[in-house]
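Worksheet for the structure shown next.
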There are 2 protein chains.
Amino acid sequence: MVETHKLTKNQKLVVEALKSAEGPLSAYAILEELRPHGVKAPLQVYRALDKLMELKLIHKVESMSAYVACVQPDCHTHKTVGFAICSSCNGVQELPENVVSLHLDNWAQETGFVRSGIALEVRGTCKTCRENEAAEACC
Amino acid sequence: MVETHKLTKNQKLVVEALKSAEGPLSAYAILEELRPHGVKAPLQVYRALDKLMELKLIHKVESMSAYVACVQPDCHTHKTVGFAICSSCNGVQELPENVVSLHLDNWAQETGFVRSGIALEVRGTCKTCRENEAAEACC
DNA sequence: GAACCAATGTAATAATATAACAAGTCAAGA
DNA sequence: TCTTGACTTGTTATATTATTACATTGGTTC
Ligand SMILES: [Zn+2]
Ligand SMILES: [Zn+2]
Ligand SMILES: [Zn+2]
Ligand SMILES: [Zn+2]
């Protein structure tokens, strides 16, 4: 378990909402979910999201403008975050780092660009959706 | 030259605006730029952007909600698009495909996920900005 | 307690993107 | 030629995502 004991009230609420969610949630979806707990304004959510991203307890899926809890216990130790997003069901899986092996070092050397982080988003169709589509087609 | 002759009036305006821009432009920045040419509403821009992305003449930089003209003549032939984005000056470079070598095949095989496209965004600091910062620091 | 800093609350607004519908364009095909 | 249908366009309104600005609270340090 990552250290959650330093988190503030709003940060805990937000990270727990993301952990218990099926998939990525938008900031406003989180807000709606947390209204019963006293969260009233977008900014409360956005501030918590910012801090949680800094701590790498959550990630933003840029192409969806949505947020997910990190599934890797040591994600804060590496610079690469990747997701596989199903275009059919919008399901999102976080890719383990070893899957995302990038050969950018030569390019960085040549251009003098110093990497601080990488966001990778793989689009496609998940197994479940392909099977469903196949089943529909054959009737 | 890629075939631009099939493009509609609005599509041509948008792609030319992006080609002549220094860096990525937001949809609304494009709109302002094209007002003198008769473009009046966001949808005219968004519709053109959608079609141009489909044709892979332009790309969306997801993490900036901005759009750039493609610099690779054959970008429509491959599935990977990558950018290096400087956190300091917001400059964006499109990465050549051979730089972005991904080892996702095993993972895809195991999980049954079929890739249709990849968006990769490398964050960091460009050479120019690092040099400027170094120059400031040493005075 | 006073001074300080970080976190909070609240309202207003900015920036990005889409829905809904009316109207024009253009190329088959009767 | 006229009609049909697919596609593109124009326009208004609205939804969604994110930030600015400022007043307030709560604990820590001196
Ligand atoms: Zn992670
Ligand atoms: Zn799926
Ligand atoms: Zn390209
Ligand atoms: Zn730079």
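Below, chains carry the letters A, B, ... as their sequence lines are ordered, and counting in each starts from 1. Quick caveat: nothing in here was measured; it's all calculated off a predicted structure.
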List the atom pairs, with distances to 0.1 Å, where a side-chain N or O of residues 36-55 of chain B and a protein N or O form a donor-acceptor pair under 3.5 Å, not counting sequence neighbours.
residue	atom	partner	partner atom	Å
Gln44(B)	OE1	Lys40(B)	N	2.9
Gln44(B)	OE1	Ala41(B)	N	2.9

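Here ring-ring contact (aromatic ring centres under 6.0 Å, His included) pairs that include residues 103-129 of chain B, with residues two or more places apart or in two chains, are His103(A)-His103(B), Trp107(B)-Phe113(B).
If you walk DNA chain C from 5' to 3' and mark each nucleotide with an atom closer than 4.0 Å to a heavy atom of chain B, the marks span dT16(C) to dA20(C).
The ring-ring contact (aromatic ring centres under 6.0 Å, His included) check on Tyr67(A) picks up nothing, with sequence neighbours excluded. Qualifying salt bridge (Lys or Arg N to Asp or Glu O under 4.0 Å) partners for Arg115(A), counting only residues two or more places apart in sequence or in other chains: Asp105(A). Contacts of Ser63(B) classified as side-chain hydrogen bond (donor to acceptor under 3.5 Å, both in side chains), with partners at least two apart in sequence or in another chain: Glu121(B), Arg123(B). Judged as a salt bridge (Lys or Arg N to Asp or Glu O under 4.0 Å), and not counting sequence neighbours, the contacts of Lys60(A) are Glu62(A). Taking Ser26(B) as the reference, nothing meets the side-chain hydrogen bond (donor to acceptor under 3.5 Å, both in side chains) condition, with sequence neighbours excluded.
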Grab the N/O contacts between the protein and nucleotides 9-16 of chain D below 3.5 Å, and write none if there aren't any.
residue	atom	partner	partner atom	Å
dT9(D)	OP1	Thr8(B)	OG1	2.9
dG10(D)	OP2	Asn10(B)	ND2	2.9
dG10(D)	OP2	Gln44(B)	NE2	2.5
dG10(D)	N7	Arg47(B)	NH2	2.4
dG10(D)	O6	Arg47(B)	NH1	3.2
dG10(D)	O6	Arg47(B)	NH2	3.3

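Val71(B) shares a hydrophobic cluster with no other residue; no ILVMFWY side chain has heavy atoms under 4.5 Å from its own. Cluster note: Ile85(A) groups with Val61(A), Met64(A), Val68(A), Val81(A), Phe83(A), Val92(A) through ILVMFWY side-chain heavy atoms spaced under 4.5 Å, whether in direct contact or through intervening members.
dA18(D) atom C1' lies 13 Å from atom CD1 of Ile30(A), rounded to whole Å.
You'll find the side chain of Cys126(A) reaches within 4.5 Å of the side chain of Cys89(A), heavy atoms only.
Taking the screw axis at each terminus of the helix from dG1(C)-dC30(D) to dA30(C)-dT1(D) from five consecutive base pairs, the angle between the two is 10° to within rounding of 10 degrees.
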